[in-house]
Amino acid sequence: MPLLKVTIDTIEVEVEAGTTIMNAARQIGGSVVPPAMCYYSKLEGSGGKCRTCLVKVSRSSSKDIRPLPKLVAACRTAVQDGMVVQNTTSPEVMESRQAITEFLLLNHPLDCPVCDQAGECHLQDLSYEHGLEDTNTVEERRTFEPVDIGDYIKLHMNRCILCYRCVMVADQLTDKRVHGVLGRGDHSEIGTHISKAIDNDFSGNMIDVCPVGALTDKTFRFKSRVWFTKPLDAHRECPTCSGKTAIWMKGSEILRVTGRKDKYGELEEYICNDCRFHHKDASDWIIEGPRAIERHSVISQNHYEKLKTPGTTEPEF
Amino acid sequence: MATQILLNNIDVPGLANFEVYRQLGGYSSVVKTLKNLTPDQVTGEVTKSGLRGRGGAGFPAGMKWGFIDKKSEKPRYFVCNFDESEPGTFKDRYIGQRNPHQLIEGMILGAYALGAGSAYIYVRGELFYVLRIIEKAIEEAYKQGFLGQNILGSGYSLDLYCQPGAGAYICGEETALLESLEGKRGNPRIKPPFPALVGLYGCPTVVNNVETIAALPWILNNGGEAYAAIGVENSKGTKLISACGHIKKPGVYEIELGLPVEEFIYSDEYCGGIRNGHKLKAVVAGGSSVPILPASLILKTAAGEPRLMSYESLSEGGFQSGTMLGSGGFIVMDETTCIVKNLLTFARFYHHESCGQCSPCREGTSWMEKILHRIENGQGTMKDIDLLVSVSKHIEGNTICPLGDAAAWPVASAIRHFREEFEEHVKLQKCPF
Ligand SMILES: Cc1cc2nc3c(=O)[nH]c(=O)nc-3n(C[C@H](O)[C@H](O)[C@H](O)COP(=O)(O)O)c2cc1C
Ligand code: SF4
Ligand code: SF4
Ligand code: FES
């Protein structure tokens, strides 16, 4: 198969047929990559929902040089040979992205100071980069009480942006459809079928795919701000999963275990609940070394691997 | 009297019974077609007729059928969209309730043309009584050999099923309908792929509106050219218009496309004019989703031409001064109507019916309702009016399915044509009506 040529924000790249604009942009990297709040390359059928990745196609292909009439979702639109795409170079795209950021924040509680996700939240990043400085909303926000999804996961529906990622993870893990979306419109909510939490050794991965603080780890709740913890690559002998994880330490204590995420916040692989929730002792793990975290959030701009706190016995990397 | 293709026998007592319908010539198109025409010839006749989809978008039916993937090894499906829930639109239920056999006859023709072995009629959940009538008619058709194995000895077999929805407007969007038919949550799918390639259960599928399908028997009986001889430009044949609001004679009318709007509103054959000597203020011409037009622009285009009931004429002037034929839900308002209050009602509907999948529609529809609620109840500001315009603009074109646009257009058009009325609400800090 010959490669297709596509130009994104004046940078040219050659990709295989069937590649989406999003993945072509990721091959280039940097600022041409549109933000993705719902797309998750490892989840089949994900994407298309949040609309933060809308881009302008100013030339459809080498055969059809007309622009597309509407902005398209980069994560769900396949490139054509000779396609020209504008992301940050299109004022129309930037305007709609700002509007969509505003939509996503309309019902958001802005409770970052008490949210475990703060510092690694994609909505924080998005608002920092594309949000308005001021707010137009005087409206009351919709509210829900936090609920438990099983023994290990807390759902704060107020923070959910309905990206459907957790639903897709649940769908992949079991075919019982116990975890899904109830209701419609802005009154829809993530729910479990009559409080039946998804019963699966890998259910904890729903926490990792959640772009915001809607699904959090109950074993880590309120223990520490993430920027005060040090992420390390570690592994253990595990009969259920590969045992390759990231452990988040404060001093000599493991506060949290997660999967290893790439620079787009996507898991390299799923880890099991046993590794995630039940192995918080440093002796459980073989430490490989510090985990490089590529983050641009305003909160985590101080790269913690450079942080030295005098008077502690923390290991240095 | 205009040609009546859909409503000619509608008042015959007992029309919903097979014998009565058959005696009036019903099912003759099936007899003729299965004997004499190949499936491609049926599609050819429909293409020639110029019939356009009556569900709202007006896509040429023959062309849509032509897209179906006939190379695929998978089974093909033909689906009737009977989810009719658009505010102001109540034409399909009239056919389903009074003349179910005409719909079934059309289903057989469409399914035959597409080579579908199974077909479905997806009926709006609230129309349960209509579902019962159709189910009974389907049963009769099976008994008479028009459905089932080897229909009339032709070798063609078809099973027809009727499925109730559960009361969601969004399930009228064709891909949400297919999801719902599969037993899933009715979320619209992301297109492409279109149903003609990947539809019901991943198989090639065509979805058509009730009225589109009900026109097929006449087209096959009389030929595509005869149908195309009715109407104007690319608006061929007849269209059902469900007229409501401040008119003397609300109801479902069958018009020949190209009828002047003025004649439709004022002649005694149709709406009979505005009630008790009131004056026409505005019209929503094609169901709640299309832009509202003030009296001056609905009777005449901006260029001063008489406005006609046709796809082309109603959209003349684009969104600046035109609207759309849509589904044919014709809502007439006289000078006692508060445009803001009416718009609030529409906005509440779209907020309630948004599936919530994509953020501009999920959040934007609710926001627009809240802002309109403020303005209507005397708490709005001038800035709110501009905010409304900006919210609607940021929903339009940015969503997965057209419900977002359908929610945005009424807002944008009401402010475009009736801005003073919004400002008056703000100045008076109450509704002036
Ligand atoms: C939100 C929404 C609701 C719709 N509701 C209906 C409906 O109730 N009935 C219908 O026939 N088409 C409805 N449509 C249009 C369908 O998606 C589709 O275009 C139509 O059924 C195709 O049939 P046609 O080509 O015969 O018009 C709706 C579309 C949208 C976006
Ligand atoms: S809970 Fe998180 S992962 Fe699930 S839909 Fe909401 S934001 Fe997405
Ligand atoms: S536009 Fe509205 S109804 Fe359509 S998919 Fe998006 S949220 Fe659902
Ligand atoms: S990432 Fe593309 S729509 Fe959400």
Side-chain angles (χ1 to χ4, degrees), chain A residues 37-39 45-54 56 68-73 75-78 92-93 95-108 123 126 132 135-142 160-164 167 171 177 180-190, chain B residues 166-171 176 183-193 348-374 379-381 383-384 386-388 390-405 407:
Chain A
M37 296 299 291
C38 67
Y39 172 70
S46 70
K49 301 194 193 296
C50 71
R51 317 305 279 177
T52 53
C53 71
L54 291 179
K56 185 167 177 62
L68 290 180
K70 292 185 197 173
L71 302 183
V72 298
C75 65
R76 291 294 292 248
T77 309
E92 194 189 338
V93 168
E95 182 190 334
S96 81
R97 197 161 291 158
Q98 186 173 64
I100 283 160
T101 306
E102 189 175 20
F103 285 138
L104 288 175
L105 290 172
L106 201 61
N107 271 309
H108 191 81
L123 189 56
L126 186 77
L132 291 166
T135 173
N136 282 318
T137 42
V138 294
E139 262 70 45
E140 202 172 297
R141 288 154 209 264
R142 58 168 199 169
C160 171
I161 59 157
L162 286 165
C163 71
Y164 279 68
V167 178
D171 264 358
R177 286 160 68 179
V181 177
L182 309 173
R184 275 202 302 256
D186 75 332
H187 31 284
S188 37
E189 56 181 299
I190 295 294
Chain B
Y169 168 65
I170 192 56
C171 290
K184 302 186 191 140
R185 182 184 160 84
N187 277 359
R189 297 177 183 168
I190 294 160
K191 293 184 263 188
R348 184 180 301 135
F349 173 79
Y350 289 108
H351 169 209
H352 188 251
E353 297 297 339
S354 160
C355 84
Q357 241 190 131
C358 56
S359 45
C361 170
R362 177 181 68 238
E363 305 295 340
T365 51
S366 125
W367 199 3
M368 292 197 301
E369 188 201 331
K370 286 174 182 163
I371 302 169
L372 279 164
H373 190 268
R374 272 210 298 279
Q379 282 132 25
T381 62
K383 219 179 117 211
D384 279 337
D386 295 324
L387 184 59
L388 264 180
S390 125
V391 175
S392 75
K393 176 172 163 235
H394 290 134
I395 299 174
E396 187 188 341
N398 287 343
T399 56
I400 294 176
C401 88
L403 189 140
D405 301 335

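Only the side chain of A/Val138 comes within less than 4.5 Å of a heavy atom in chain B; its backbone stays farther off. If you measure heavy-atom distances from B/Ile400 to chain A, the contacts under 4.5 Å come from both the backbone and the side chain. In this structure, the portion of A/Leu182 lying under 4.5 Å from any heavy atom of chain B is its backbone and not its side chain. For B/Thr365, no part lies near chain A; criterion is any non-hydrogen pair under 4.5 Å. Using a 4.5 Å cut-off between heavy atoms, B/Glu396 makes no contact with chain A at all.
Between B/Ile371 and B/Arg374 the shortest side-chain heavy-atom distance falls below 4.5 Å.
For the set A/Ser188, A/Cys38, A/Gly48, the entry with the most heavy-atom pairs within less than 4.5 Å of chain B is A/Gly48. Per-residue heavy-atom pair counts under 4.5 Å with chain A were compared for B/Gly356, B/Cys358, B/Ser359, and the maximum is reached by B/Ser359. The residue among A/Glu139, A/Glu140, A/Arg142, A/Lys70 with the most heavy atom pairs within less than 4.5 Å of chain B is A/Glu139. Ranked by heavy-atom pairs shorter than 4.5 Å toward chain B, the options A/Glu95, A/Gln98, A/Lys49, A/Glu102 are led by A/Lys49.
Between the A/Arg51 side chain and the A/Ala73 main chain, no donor and acceptor come within less than 3.5 Å of each other.
Aromatic ring orientation, B/His352 versus A/His187: parallel (interplanar angle below 30°, classes split at 30° and 60°).
The CD1 atom of A/Ile100 sits 9.5 Å away from the OG1 atom of B/Thr399 when rounded to the nearest 0.5 Å.
Pairing each heavy atom of B/Arg362 with each of A/Leu104, the nearest pair is NH2-CD2, 3.8 Å. Nearest approach of B/Pro360 to B/Ile395, heavy atoms of both residues: O-CG1, 3.6 Å.
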